[in-house]
Student: 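Have a look at this one before I ask anything.
These numbers come from a predicted model, not from an experiment. Chain A is the first sequence line, chain B the second, and so forth, proteins listed ahead of strands; every chain is numbered from 1.
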Number of protein chains: 2
Amino acid sequence: MLSKSCQHGIKAMICIKKNAQKSKPVSIGEVSSKINVPEAYTSKILQRLVKAGMHKSKKGVNGGFYIENRLLDKLTLWHIVNEIDGVNLKYGCVLGLDDCSNQHPCPVHNEYKSIRQNLITFFENTYLTDLTENMVKSLFDKAYVNK
Amino acid sequence: MLSKSCQHGIKAMICIKKNAQKSKPVSIGEVSSKINVPEAYTSKILQRLVKAGMHKSKKGVNGGFYIENRLLDKLTLWHIVNEIDGVNLKYGCVLGLDDCSNQHPCPVHNEYKSIRQNLITFFENTYLTDLTENMVKSLFDKAYVNK
DNA sequence: ATCAAATCGGACACGAATGTCCGAATTGAG
DNA sequence: CTCAATTCGGACATTCGTGTCCGATTTGAT
């Protein structure tokens, strides 16, 4: 469904958002150990999301990642998913046909439309802010994280 | 969403079903050229579906693949999808957590449940028989098939 | 000014899904 | 019986997403 990079991206952003109130940015080391994903890999994904304008990074001592205040309650899972797995999810044909469209529909094109829209809407409606401390705690429970 | 093997499996089964009325089984060569997937690869996928009891194969001259009459109007996309991508679709956590469950839900476990069920129901409700000649023709249109 | 702490970026390594090859086994036609 | 047509099965090759390494760059503290 979602690629690992995308899954890790979501977990990382949740982790960064969780620490948004602190004055200090969160370092890669902290994020990666919290979500149990290798540091270098986490780094790559966060770099990509920074470039996409999702959050900011700061080099040097006391540097790290942080989310701007104006974006804090705007960010949804879709922002992340769209950046990393977007093209495939939005436009990919269920059966993998190259040019599946309203003009040249695959056998289940029309039926699948609403399913795909459900999924996208689900991501669009899930704001990082809405994920409460309680909902998020399983993410950082070492016994259950990672695949 | 679906693996290529799964997508090819669906296309192949649609192709075999389309020829079900003929007395003669359909050969791998015929199927693979129709759906524009390499012969050896198609073969591997169809072997797997035969083992899963979805259809039958017959070796030797005039051999090939065919669907038993008693199954012709029973087969759904879910039979195929479940066999090839099933575990992941049915039980996989959106965020990739190892043990995401009602007991240890990930941050979006409960919200995602109905999305996943929608998808499964869509496959369950799509019978091979329901895919009419007209719906299916784009599948075999060389200009638009394959990825 | 220097140095340590951090991100950045590119090249490389690994692993799993995808795809290929070829010989073995089976079957029916002649 | 023999042979050609076909599926079967295992080993191999390729590709691509995943993950690693390391040096370059930036930044702030002292």
Student: Respond yes when some side-chain nitrogen or oxygen of B/K51 is under 4.0 Å from OP1 or OP2 of D/dG9, and no when none is.
Tutor: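 Result: yes.
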
Student: Rounded to whole Å, how long is the line connecting atom CD1 of B/I35 with atom P of C/dG19?
Tutor: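 So the CD1-P distance, B/I35 to C/dG19, works out to 11 Å.
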
Student: Could you pull out the protein-nucleic contacts involving nucleotides 20-29 of chain D (nitrogen or oxygen on both sides, under 3.5 Å)?
Tutor:
| from | atom 1 | to | atom 2 | distance (Å) |
| --- | --- | --- | --- | --- |
| D/dT26 | O4' | A/K59 | NZ | 3.4 |

Student: Suppose we screen for side chain to side chain donor-acceptor pair (under 3.5 Å). Which residues come up paired with B/H79, at least two apart in sequence or across chains?
Tutor: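 Result, side chain to side chain donor-acceptor pair (under 3.5 Å) vs B/H79: B/T76.
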
Student: Does D/dG19 have OP1 or OP2 sitting under 4.0 Å from an N or O in the side chain of A/H8?
Tutor: yes

Student: Mind listing the side-chain donor-acceptor pairs of residues 105-114 of chain A below 3.5 Å, one per line with the distance, residues two or more places apart or on another chain?
Tutor:
| from | atom 1 | to | atom 2 | distance (Å) |
| --- | --- | --- | --- | --- |
| A/H109 | NE2 | A/N102 | OD1 | 3.0 |
| A/K113 | NZ | A/N102 | OD1 | 2.8 |

Student: Atom CZ of B/F65 and atom P of C/dT27: how far apart are they, to the nearest Å?
Tutor: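 Result: 14 Å.
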
Student: Base, sugar-phosphate, or nothing: which does A/L46 touch, judged by heavy atoms less than 4.0 Å apart?
Tutor: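 The residue A/L46 makes no contact with any strand.
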
Student: Report the residue from A/D85, A/L77, A/I80 that forms a side chain to side chain contact (heavy atoms under 4.5 Å, CB included) with A/L2.
Tutor: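 In the set A/D85, A/L77, A/I80, the residue that makes a side chain to side chain contact (heavy atoms under 4.5 Å, CB included) with A/L2 is A/D85.
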
Student: Whole angstroms only, please: what is the NZ-C1' distance between B/K24 and C/dT27?
Tutor: 14 Å

Student: So, using side chain to side chain donor-acceptor pair (under 3.5 Å) as the criterion, who are the partners of A/S43 when residues are at least two apart?
Tutor: A/Q47

Student: Can you tell me the distance, in whole Å, between the OH atom of A/Y66 and the C1' atom of C/dA6?
Tutor: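 Going from A/Y66 (OH) to C/dA6 (C1'), I get 14 Å.
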
Student: To the nearest angstrom, how far is B/L2 atom CG from C/dA17 atom P?
Tutor: 15 Å

Student: Remember a base hit wins even if backbone is also touched, and classify A/G64 as base, sugar-phosphate or nothing at under 4.0 Å, heavy atoms.
Tutor: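 Since only primed, P, OP1 and OP2 atoms lie under 4.0 Å of A/G64, the category is sugar-phosphate.
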
Student: Taking atom C1' of C/dG19 as reference, at what distance in whole Å does atom NZ of B/K4 sit?
Tutor: 10 Å

Student: Taking only residues two or more places apart in sequence, or in another chain, which ones meet B/E39 in a side chain to side chain donor-acceptor pair (under 3.5 Å)?
Tutor: none

Student: Let me have the donor-acceptor pairs involving side chains of residues 61-70 of chain B, under 3.5 Å, with sequence neighbours excluded, atom names and distances please.
Tutor:
| from | atom 1 | to | atom 2 | distance (Å) |
| --- | --- | --- | --- | --- |
| B/E68 | OE1 | B/R70 | NH2 | 3.2 |

Student: Grab the CD1-C1' distance between B/I45 and C/dT20 for me, whole Å please.
Tutor: 13 Å

Student: Counting only side-chain N and O atoms of A/S5, is one of them less than 4.0 Å from OP1 or OP2 of D/dT18?
Tutor: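 Answer yes for this pair, as a side-chain N or O of A/S5 is under 4.0 Å from OP1 or OP2.
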
Student: Taking atom types as modelled, find out whether A/S5 and A/Y41 have a side-chain donor-acceptor pair closer than 3.5 angstrom.
Tutor: yes

Student: Please report the distance, rounded to the nearest Å, between CZ in A/R48 and P in D/dT18.
Tutor: 10 Å

Student: Does a nitrogen or oxygen in the side chain of A/S57 sit under 4.0 Å from OP1 or OP2 of C/dC8?
Tutor: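 For C/dC8, OP1 or OP2 has a side-chain N or O of A/S57 closer than 4.0 Å.
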
Student: For the side chain of B/Q47, starting at C-beta, report the closest nucleotide among C/dT7, D/dT7, D/dC8.
Tutor: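 It is D/dC8.
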
